[in-house]
Every structure is written in structure tokens, then in C-alpha cells.
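Below: one structure, written as C-alpha cells.
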Amino acid sequence: MSVRVRFAPSPTGHLHVGGARTAIFNWLFARHHRGTFILRIEDTDQARSTRESEQMVLEDLRWLGLEWNEGPFRQSERTAIYQRAADELIERGAAYRCYCSEEELEEKRKKAEAEGRPPHYDLTCWQAPPREGKHAVRFHVPEVGDVTIHDLIRGEVTWRKESLGDFILVRSDGLPTYNFSVVVDDHEMDITHVIRAEEHLTNTHRQVLIYRAMGWSVPELAHVSLILGPDRSKLSKRHGATSVSQYADQGYLAEAMVNYLTLLGWSSPDGQETFTRQEAIAKFSLDRVNRAPAVFDVQKLDWLNGQYIHRMSASELRPLASSFFDVPWLEEGIDVVKTSVQRLTQFRDALAFVERYEPPQIDRSFAEALLAELRSHGAPRDEAGYKEMVERLKNATGLKGKSLFMPLRLAMTGMEHGPELVRAIPLLQHASEVDGSVLSPLARAERLL
RNA sequence: GGCGCAUUCGUCUAGGGGUCCAGGACGCCGCCCUCUCACGGCGGUAACACGGGUUCGAAUCCCGUAUGCGCUACCA
């Protein structure tokens, strides 16, 4: 049987990095096994789900390059399927209609808690005669029933006949709850492997009981640990950027993002840490997924993103960088400064010296020599011209090495640090083209005096 | 509270009884390269949560404790 996996986000905002990591693992697993990757929108919570969010999640997945083979399916459009399954469960005596109001339940729950009892449903409607009126469908948890699953990541997990109250399958608005719709859909869509976040691990208990009541087989399960913030609590907004779109906005590359997230909880058997999608697909397996939660480390993401930028050509980088900063000479500029950049947004600052200039304090005689050089020979426009200029400056000033290059750097770029002068100075020709020669090398030299 | 999951350098991780006084990566520090910064190269710093077992031998197996996290909803 071929592998069928799904990613099932609820559309309540942009895709979070935790969700993205889950999506990536599902996608890698599907591609590795030449299986099917299905996208399912879990929008049964009408209060929180929106179409706008759904679009955002889809966009984020596309940006990451995680193409799905089937879907997106919307659970909100599949209510007949859940209703049918619920009816069958009622017929089998595994579920029943519950007419209790939410207010009543809330009261009972509070009372139970105050008395130190577990806040479980009190079975008021269990085996009660059917009647007219608004109702939910509730699952009746069997008396006996240890539940054991074999999780592909966690191993054997057992719940002993625990204190588990009868839980809601279908809400009174007719929409299913998560624990029900997920079982029905995973079965109905022939999902072979459920790869999802660890927060769902204990829900599996309930889900297995539903599978049993329906007589369905349980798919393979794999619960991936959570992603944490620097303080080791679950990654959330107060830790800063948590959605993939925010990282996109900050100049991270989708490739680097996928690479980094893949490394959060998974390791390649050969220890390789920088890899293409194809390499990750070839090497991915669930048995190398780590059980422990992982802290999201922006420093390492920065480093990885830098690796990608440094290895890409300027022509590949230009279309990506231009949405943050655009000039006609961008590609040439990128080629000059890319090794000093870790994020696409940084090209702007790295290239700012071309169009901005504050005359620095500089030795007067050097400034005069430089001015004379530029007046008689013009500013170098390429490497050869630059070298000739340096030769003449050496002769004119008697300077060499650091004592020549540092004042030259300062005079031309206005900065103590920056790219190699042989590459930076030819770039300055664009300053004159753009800005009416106000910032040409000659103009800069003139302002030194 | 109950139930479940987790715990190796600051962080991501390798490791599944001897090859581990624990390996790699990021970060940090130093050196080299070099006109500067960056890139790159080389080296260094730093960890098996704690306590009991089991065993000739435990980071690796078992139990307990601690800590963190998750679930305990007509959220997912």
C-alpha cells in the first residue's frame, strides 16, 4: 500500500513555524516514499476559523514550496460524512444524544472541581429516551479498555483505564469536534501515517476508542515534539516572530527555512546539516526524529540562511532581494557584498555606501593627491582601472599597504569596513548615474577638503 | 489535582551496555588568510538533571525524585 499522509492545519492565522515543521515532515515522508501528501483544512471551529486565514496558510505553504497532491479539503464542507458516522456510532450504542446545555455543563464542571472530583460528564443523557430539541452527540467511553499505541517516534504509549469522561463528537451546531472529524477523515481519506505535533498525543487515547467503536484500523502514528522559545516554553508570539511569513518578511529564504526546520528534531544519518530538498527527501526517515522538544534558535537560522545566500549567484539572489531593496545595479552590488549578508533585507544596508556619503576626517595631503588623481584620470570603472589608480597613488603619496588602503577606503566609502576596494570602487560609478554625480568618487574627494 | 510525554555542551544534535575522561553543528574565544569588515581555513571553550538499582561494566536498561511541556472544552 502506498503512503498517504496529510497536513491538517486549522485556519486561525498565518502558518506557525511549528505547523510548518509538521508540514515539512509530512511532505518529506510522502516524497521519500513516493506517496501522497494531502492538505486538509480543519475549520470546524467556526468562531476561530476564517477564509482569510486559510488563504494565508496556503500561501505560506506555497512559499515554503510544500506542494500537496490532494486538497485542500475543508472539514466544514464534509459535515454529512461526520453526521453519518455519528449516526452509526449511536446505532451501535457507542454514542448518544446529549441535551445538556453548555451552561448546565459548566456549572456541573465547577461543582465537581470544587468537590475535588474529576470534571467528567455525569452521564445525564446516557441511555435517556430520545426527544426533540437541540443536542450534541457524545461518545460513551467504555468501562474497560486500556489503550496502547505504537508511536513511530515515541514507542509504546499506554493509557490505563483512566479517568476519561464521555466526550463530544458532534456539537449542537452540527459540526464535529476535532477528535471525531480527525478520525473519520483519516479513515475516509485512507491516511496511512498520521504525523502531527505532540500536543495531540493524549488526544489519541480518545481517537483510538472511536476507531475501535467503528471497527476501523488505526493508522501508523508519529507524534513530533513541540518547538519551544528561548525560555523553553511553547513558542508563542511573545517570543517574537512565530509565523513563517514573518521570517519571509525578514529576508529569510524558503530553502533555508525548510532546511532549518528539518533540522529541528531530525538529523541526517551522516550528520549533514546543509542540504537541498532532494537530499533531505532521500535521507528522511521517522526513526531519526528526536523525541525531545527543541528550542528555536534564530542564530543558527541566521547562519544557515547566510550559507544559502553566500552559495547562491547574484543573478539568483537579485529577484529575491529586489522586493526589499531595488536599484538598477542591484545584481552587481549583490555580487560585491553578499558574503557579508545573512538575510535578504541586509543588502540595503550593505550597499548603502554607494548612494550615501558623509565625508570623513582624513589626512589633507592624501585627500589632495586623491583629488588630483581623480581629476586627471577619472574614477575607475573596473578592476584594471582601479589597479592603475592604486599604482599612481602609490607613486604620488609614497604610501603603500594599509596606510594607503585605509585612507582610500575611508575617503571613497565613508566607512572603515566594507567590501574589497577593487570591487567597491567600481560600484561607485552607479552613484553618479543615479544621483546626478553628487556622490561620484570625484565629488566625494572634493568634499574631503 | 489526574493522565501522558520529555530531560546529553548556552542552543540544535550524534550516541541504543564496553570502541565515550562523550562526536558534529550554531554561538563564543584564539590563530591563519587579508587594505578593513565579512567569507573561508585551523584550534579552543562547554554537556550525559538528581538519587537508587541491574550488570564485570551504564549517557545507554529499570525504579523513584526534580524540572519542563502537553492533554484533562460543544479549541485544534
Side-chain angles (χ1 to χ4, degrees), chain A residues 8-12 19 42-45 47-49 75 98 100-102 105-106 109 113 116-120 134-138 151 153-155 157-160 162-165 167-179 181-182 196-206 223 225-226 228 230-234 260 263-274 288 290-304 306-307 310 337-342 350 390 400-410 413 415-422 424:
Chain A
S10 52
T12 55
E42 312 228 317
D43 58 349
T44 57
D45 182 355
R48 298 199 309 153
S49 303
Q75 291 190 322
C98 176
C100 299
S101 73
E102 287 191 64
L105 292 170
E106 181 61 30
R109 200 176 304 123
E113 247 164 47
R117 290 181 289 114
H120 295 151
K134 206 167 181 187
H135 64 269
V137 178
R138 205 177 269 278
D151 190 281
I153 293 170
R154 260 140 242 288
V157 179
T158 300
W159 293 269
R160 299 184 208 297
E162 184 230 333
S163 40
L164 186 63
F167 54 91
I168 299 286
L169 258 21
V170 181
R171 289 182 278 241
S172 50
D173 64 4
L175 288 169
T177 57
Y178 167 76
N179 282 304
S181 60
V182 78
R196 80 217 325 177
E198 191 192 342
E199 63 201 49
H200 294 303
L201 182 59
T202 45
N203 282 322
T204 308
H205 185 184
R206 273 164 257 261
H223 287 92
S225 63
L226 264 20
L228 312 178
D231 62 355
R232 304 205 74 88
S233 68
K234 187 175 166 179
Y260 177 68
L263 243 23
L264 230 45
W266 178 81
S267 60
S268 174
D270 55 15
Q272 191 180 345
E273 297 209 325
T274 308
R288 291 193 64 83
N290 199 130
R291 287 188 288 272
V295 173
F296 191 89
D297 181 11
V298 185
Q299 281 191 319
K300 187 151 184 177
L301 208 211
D302 282 339
W303 171 79
L304 236 194
Q307 292 295 303
H310 304 338
V337 302
K338 70 175 183 182
T339 57
S340 69
V341 160
Q342 288 187 310
V390 168
K400 59 178 183 176
K402 205 167 179 170
S403 56
L404 170 67
F405 288 107
M406 283 313 284
L408 179 59
R409 164 180 302 287
L410 210 51
T413 68
M415 308 182 302
E416 288 182 350
H417 308 303
E420 272 189 304
L421 287 175
V422 63

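All chains are named by letter (A, B, ...) in the order of the sequence lines, taking the proteins before the strands, and each is independently numbered beginning at 1.
Heavy atoms of A:E420 sit under 4.0 angstrom from at least one base atom. As judged by a 4.0 angstrom heavy-atom cut-off over every strand, A:R48 is placed among the base-contacting residues. Residue A:C98 is classed as having no contact, given no heavy-atom separation below 4.0 Å to the nucleic acid. A:L201 comes within 4.0 angstrom of sugar-phosphate atoms only, judged by non-hydrogen atoms across all strands, and of no base. Among the heavy atoms of the strands lying under 4.0 Å from A:P119 are primed sugar atoms or P, OP1, OP2 only; no base atom is included. A:N203 comes within 4.0 angstrom of a base, heavy atoms only. Within 4.0 Å of A:L304, counting heavy atoms only, lies no atom of the nucleic acid at all. Using a 4.0 Å heavy-atom distance criterion, A:T12 is classed as making no nucleic acid contact. Across all strands shown, A:G271 has no heavy atoms under 4.0 Å from either base or sugar-phosphate atoms. Residue contacts for A:G306: at a heavy-atom cut-off of 4.0 Å it reaches no nucleic acid atom on any strand shown.
Nucleotide B:rC20 is matched to nothing when pairs are restricted to Watson-Crick or G-U wobble geometry with both distances under 3.5 angstrom. In a base pair of the Watson-Crick type (N1 to N3 plus N6-O4 or O6-N4) or a G-U wobble (N1-O2 and O6-N3), with each distance short of 3.5 Å, B:rU7 is matched with B:rA66. When both pairing distances are held under 3.5 Å, B:rA38 makes no Watson-Crick or G-U pair with any nucleotide shown. Across every strand in view, B:rC28 sits in a pair with B:rG44 that passes the Watson-Crick or G-U test at under 3.5 angstrom. Partner assigned to B:rG1 is B:rU72, using Watson-Crick or G-U wobble distances below 3.5 angstrom. Pair assignment for B:rU55: none, as no Watson-Crick or G-U wobble contacts are both less than 3.5 Å.
Considering only side-chain atoms of A:L421, the nucleotide from B:rC35, B:rC74, B:rU13 that sits closest is B:rC35. Considering only the side chain of A:R288, B:rA14 comes nearest among B:rC5, B:rG70, B:rA14.
The distance from atom CZ of A:F405 to atom P of B:rC35 is 7 Å, rounded to the nearest whole Å. What separates NE2 of A:H200 from P of B:rC69 is a distance of 19 Å, to the nearest Å. We find that CD of A:E113 is positioned 11 Å from C1' of B:rA73, with the value rounded to whole Å. Here the P atom of nucleotide B:rG70 and the CZ atom of A:R196 are 17 Å apart, to the nearest Å. Atom-to-atom, NE2 of A:H223 to P of B:rC5 comes out at 12 Å; the value is rounded to the nearest Å. In this structure, A:E416 atom CD and B:rU36 atom P are separated by 13 Å, rounded to whole Å. For the pair A:L263 CG and B:rA14 P, the interatomic distance rounds to 10 Å; values are reported in whole Å. A:W266 places its CH2 atom 14 Å from the C1' atom of B:rA25, with the value rounded to the nearest Å.
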Can you give me the N/O atom pairs linking the protein to nucleotides 7-11 of chain B at distances under 3.5 Å, or say none if there are none?
{"unit_1": "B:rU11", "atom_1": "OP1", "unit_2": "A:R232", "atom_2": "NH1", "d": "3.3"}

Identify all pairs in which a protein N or O lies below 3.5 Å from an N or O of nucleotides 39-44 of chain B, and state each distance.
{"unit_1": "B:rG40", "atom_1": "OP1", "unit_2": "A:Q307", "atom_2": "NE2", "d": "3.1"}

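Of the side-chain N and O atoms in A:T274, none sit less than 4.0 angstrom from OP1 or OP2 of B:rA25. Under 4.0 angstrom from either OP1 or OP2 of B:rU72 there lies no side-chain N or O belonging to A:T202.
Taking CG of A:D297 as the reference point, atom CG of A:L264 lies at 9.0 Å (rounded to 0.5 Å). Here the CG-CD distance, from A:L263 to A:Q272, works out to 10.0 Å after rounding to the nearest 0.5 Å. Note that the CZ atom of A:R232 and the CG atom of A:L226 stand 11.5 Å from one another [nearest 0.5 Å]. Once rounded to the nearest 0.5 Å, the distance linking CD of A:Q342 with CG of A:L301 reads 10.0 Å. Distance check: A:L169 CG to A:R138 CZ gives 10.0 Å after rounding to the nearest 0.5 Å.
Ion pairing of A:R291 with A:E198 is absent here, as no side-chain N (NZ or NE/NH1/NH2) approaches a carboxylate O to less than 4.0 Å.
Between the C1' atoms of B:rC28 and B:rG68, the separation comes to 26 Å (whole Å). Spacing between B:rC37 and B:rA76 at atom C1', rounded to whole Å, works out to 48 Å. A gap of 27 Å separates the P atoms of B:rU11 and B:rG18, to the nearest Å. On the C1' atoms, B:rG52 is 32 Å away from B:rU72, given to the nearest whole Å. The same atom, C1', is picked in B:rC48 and in B:rC39; the two are 35 Å apart, to the nearest Å. Distance noted for atom P between B:rA25 and B:rG44: 11 Å (whole Å). If you take atom P in B:rG2 and the same atom in B:rU65, they sit 11 Å apart, rounded to whole Å. B:rC69 and B:rG27 have their C1' atoms separated by 25 Å, given to the nearest Å.
Across the interface with RNA chain B, nearest-nucleotide mapping of A:I153 and A:K234 shows A:I153 to be the residue nearer the 5′ end. In terms of position on RNA chain B, the residue among A:S172 and A:T158 whose nearest nucleotide sits closer to the 5' end is A:T158.
Between A:V341 and A:H310, the shortest heavy-atom contact is O-CE1, 2.9 Å. The minimum heavy-atom distance between A:S225 and A:R154, with the atom names listed, is N-NH2, 3.4 Å.
Applying the 6.0 Å contact sphere to CD of A:E106 captures more than 12 heavy atoms from other residues, nucleotides or ligands.
Side-chain contact, A:S267 with A:R288: a donor N or O sits under 3.5 Å from an acceptor N or O. At a cut-off of 3.5 Å, with distance as the only test, a side-chain donor of A:S233 or A:D231 sits close to an acceptor on the other residue.
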>> I'd like to know whether A:R206 forms a side-chain hydrogen bond (donor to acceptor under 3.5 Å, both in side chains) with A:T177, so could you lay out the CA-CA distance, the side-chain angles of the two residues, the decisive distance to 0.1 Å, and finally the verdict.
In response: CA-CA 12 Å; A:R206 273 164 257 261; A:T177 57; over 6 Å; no

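A:Y260 and A:F296 have perpendicular rings, their planes meeting at more than 60° on a 0 to 90° scale where under 30° would count as parallel.
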